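Keep in mind that the numbers below use all heavy atoms, side chains included, and drop hydrogens, waters and symmetry copies. Since this is a predicted model, take the numbers as computed values, not measurements.
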Amino acid sequence: MERTLVMINHDGLQRGLAGEVISRLESRGLKIVAMKMLQMDEAKATRHYEPHVGKPFFEGLMKFITSSPLRAMVLQGENAVETTRNTMGTTNPLDASPGTIRGDLATDIGRNLVHGSDSPDTAKKEIEIFFSPEEVLDYPRSVEPWVTES
């Protein structure tokens, strides 16, 4: 089982698309093992987007991601990172395939609704930024039905 971080950015929340995004990810067999609403502060955003520090779009990205609440989730499943990335579509919605979250719902590259970890190693680091170990649950592979004894 693999885990990945997914964030529904505030453009997705403001447009009322969180349920649609979650539904699409769950329909691919991914299970939510942690979820919270949060207002990302500058320190957390800088840690999260550390690979982009110094790039021309970094300042705009920081302003965008810290401007409103977002929803962060940890998803678990077989090949969770790849499954999530394929379900989301490419970063630029103009290049994203129809049937993907970004291809169907996003408006532009700066407001592309969601973030998903790009590798299992990145996922581990990103999950640690947003969730303590106690906040991430172990999802059982199968659940036995409730049995009542008479």
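Residues Ile127 and Phe130 share a hydrophobic cluster, clusters being chains of Ile/Leu/Val/Met/Phe/Trp/Tyr side chains in contact below 4.5 Å. Leu17 and Met37 end up in the same hydrophobic cluster when Ile, Leu, Val, Met, Phe, Trp and Tyr side chains are linked at under 4.5 Å. Note: the hydrophobic cluster containing Leu13 does not contain Leu38 (ILVMFWY, side chain heavy atoms under 4.5 Å, direct or indirect links).
Nearest heavy-atom pair, Met40 versus Ala45, reported as atom, atom and distance to 0.1 Å: SD-CA, 3.3 Å. When all heavy atoms of Glu20 and Leu105 are compared, the closest pair comes out as CG-CD1, 3.6 Å. For the pair Gln76 and Leu137, the tightest heavy-atom approach, listed with the atom from each and the gap, is OE1-O, 4.4 Å. Residues Ala123 and Leu5 approach most closely at CB-N, 4.4 Å, considering heavy atoms. Here the closest heavy-atom approach between residue Gly99 and residue Asp104 is recorded as N-OD1, 2.8 Å. Taking both residues in full, the closest heavy atoms of Arg85 and Ser117 are given as CD-O, 3.0 Å, listed atom of the first, atom of the second, then distance.
For Ala80, the side chain to side chain contact (heavy atoms under 4.5 Å, CB included) test picks out Glu2, Thr4, Leu30, with sequence neighbours left out. Legend: residues meeting side-chain hydrogen bond (donor to acceptor under 3.5 Å, both in side chains) with Arg102, ordered by chain and number and at least two apart, are absent. Glu134 meets the side-chain hydrogen bond (donor to acceptor under 3.5 Å, both in side chains) test with Ser132; sequence neighbours excluded.
Counting only distance, with no hydrogens or angles, the side chain of Asn9 and the backbone of Gly12 share no donor-acceptor pair below 3.5 Å.
Taking the centre and axis of the six-membered ring of Phe131, the NZ or CZ atom of Lys36 falls inside the cone set by 45° and 6.0 Å.
To the nearest 0.5 angstrom, His48 atom NE2 is 3.5 Å from Met7 atom CE. If you take CG on Leu94 and CG on Asp108, they are separated by 8.0 Å, rounding to the nearest 0.5 Å. Lys124 contributes atom NZ, which lies 11.5 Å from atom CD1 of Ile129 (distance to the nearest 0.5 angstrom). If you take CD on Gln39 and NE2 on His10, they are separated by 9.0 Å, rounding to the nearest 0.5 Å. Expressed to the nearest 0.5 Å, how far CG of Asp11 lies from CD1 of Ile65 amounts to 8.5 Å. Atom CG of Leu25 is separated from atom CD1 of Ile101 by 4.5 Å, given to the nearest 0.5 angstrom.
The only option from Val74, Val6, Ile22 that meets the side chain to side chain contact (heavy atoms under 4.5 Å, CB included) definition with Met35 turns out to be Ile22.
Ion pair Asp41/Arg47 not flagged as a salt bridge, since none of the NZ, NE, NH1 or NH2 atoms sits closer than 4.0 Å to an Asp/Glu carboxylate oxygen. In summary, Lys63 and Glu59 do not engage in a salt bridge, as defined by a charged side-chain N under 4.0 Å from a carboxylate O.
Counting heavy atoms of neighbouring residues, nucleotides and ligands inside a 6.0 Å radius, atom CD of Glu26 exceeds 12 of them.
Contact annotation: the side chain of Val136 approaches that of Arg3 to within less than 4.5 Å [non-hydrogen atoms, C-beta and beyond]. The closest side-chain heavy-atom distance from Leu70 to Ile8 is not below 4.5 Å.
The aromatic rings of His115 and Tyr49 sit perpendicular to each other, their planes meeting at more than 60°, with 30° as the lower class boundary.
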Please walk me through it: do Ser119 and Thr122 pass side-chain hydrogen bond (donor to acceptor under 3.5 Å, both in side chains)? CA-CA 5 Å; Ser119 73; Thr122 302; 2.9 Å; yes
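With no hydrogens or angles considered, no side-chain donor-acceptor pair links Arg28 and Thr83 at under 3.5 Å.
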